Structures are given as structure tokens and as C-alpha cells.
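Take a look at the structure set out below.
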Amino acid sequence: MTSTPKSALAKLRAKSEASEEQAAKDKAALLEEAVKEATTSTAYGHLSAVAREAGITAQYLRTLIEERHPGWLDKAAEEREAAKAQRAAAKPRGRTTGKPRGQRAA
């Protein structure tokens, strides 16, 4: 094999390494933005939607959020449960109109 000062393979390797470096930077920016967007809402399904849009799994996004914002996922779950309980308390229970159960029209 002959050695040339700058062979085509060496040029391609250098270009490939530069591409890998840029890809790593882009991936880090994507993940950071996904975490930022996911933590803007505690609504049910928001985190999964952000993960889907970012092209990552929801579990991986949860892991990233927990690393960057410890406790945020627990706080979000508590807020969702509180909102759910509030909605349930606001709903009337049982029948509100019509005849009482068990009575038929004559």
C-alpha cells in the first residue's frame, strides 16, 4: 500500500468525524429542547407527545427529565391527580333529572 499525503480515505474519514461531532451536538440540543418542552405542562399525555415528536422513547425522556429536574415527574403526577379529584368532585353524583329509580309511569 502506498502512503499519500492526503488520500481520499483520509479526507473522507476527516469529513465523517466532523459529521459525527456535529450530529452529537445536534442530538444534545434536541434532547435539551425535548426536556424543556416536556416540562412546560403536566397534562396527561404531554410528555409522550413530546417524546414522539423528538423521536425518542417516553421512558428515555422521563430519565432525562429526572436527571435534570429531580422530583418534577412526581410533582406532575400529583398535580394531575389533584386535578382529576377536583373534576370528580365537581361532577354531580347519581341522577339529577327524571324519576327516581325503580318507579315506573302508571
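In this text the structure is predicted, and so the values were computed from the model without any measurement. Values below: every heavy atom of this structure, side chains too, minus hydrogens, waters and symmetry copies.
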Please check: side-chain N/O of Arg62 versus main-chain N/O of Leu73, any donor-acceptor pairing under 3.5 Å?
no
Between Glu78 and Thr42, is a side-chain contact (heavy atoms from CB on, under 4.5 Å) present by the stated rule, with each step listed?
CA-CA 9 Å; Glu78 288 171 7; Thr42 59; over 6 Å; no
Between Lys75 and Glu79, does any side-chain N to carboxylate O distance fall below 4.0 Å?
yes
Taking Gly71's backbone N and O only, do any of them form a donor-acceptor pair with Glu66's side chain (distance below 3.5 Å, no angle check)?
yes
Would you compute the distance between atom CG of Leu47 and atom CD of Glu37 and round it to the nearest 0.5 angstrom?
10.5 Å
Rounded to the nearest 0.5 angstrom, the CG-OG distance for Leu9 and Ser16 is 11.5 Å
Got a sec: does the CD of Glu17 have more than 12 other heavy atoms crowding it under 6.0 Å?
yes
What's the spacing between Glu21 CD and Lys25 NZ if we round to 0.5 Å?
4.5 Å
Answer yes if Leu64 and Leu30 sit in the same cluster of Ile, Leu, Val, Met, Phe, Trp and Tyr residues linked by side chain heavy atoms under 4.5 Å apart, and no otherwise.
no
Can you check side-chain contact (heavy atoms from CB on, under 4.5 Å) on His69 and Val35, steps first, answer last?
CA-CA 9 Å; His69 305 283; Val35 169; 3.8 Å; yes
Please confirm whether the backbone N or O of Lys36 pairs with a side-chain atom of Thr39, one donor and one acceptor, at under 3.5 Å?
yes
Taken to the nearest 0.5 Å, the spacing of Ser48 OG from Gln59 CD works out to 10.0 Å
CD (Gln86) with more than 12 external heavy atoms under 6.0 Å
no
Please tell me if the side chains of Lys27 and Ile56 come closer than 4.5 Å, counting only heavy atoms from C-beta onward.
yes
When every non-hydrogen atom of Ala38 is compared with those of Leu61, the smallest separation belongs to CB-CD2, 3.9 Å
Give a yes or no on whether Trp72 and Tyr44 share a hydrophobic cluster (residues Ile, Leu, Val, Met, Phe, Trp, Tyr; joining criterion: side-chain heavy atoms under 4.5 Å apart).
no
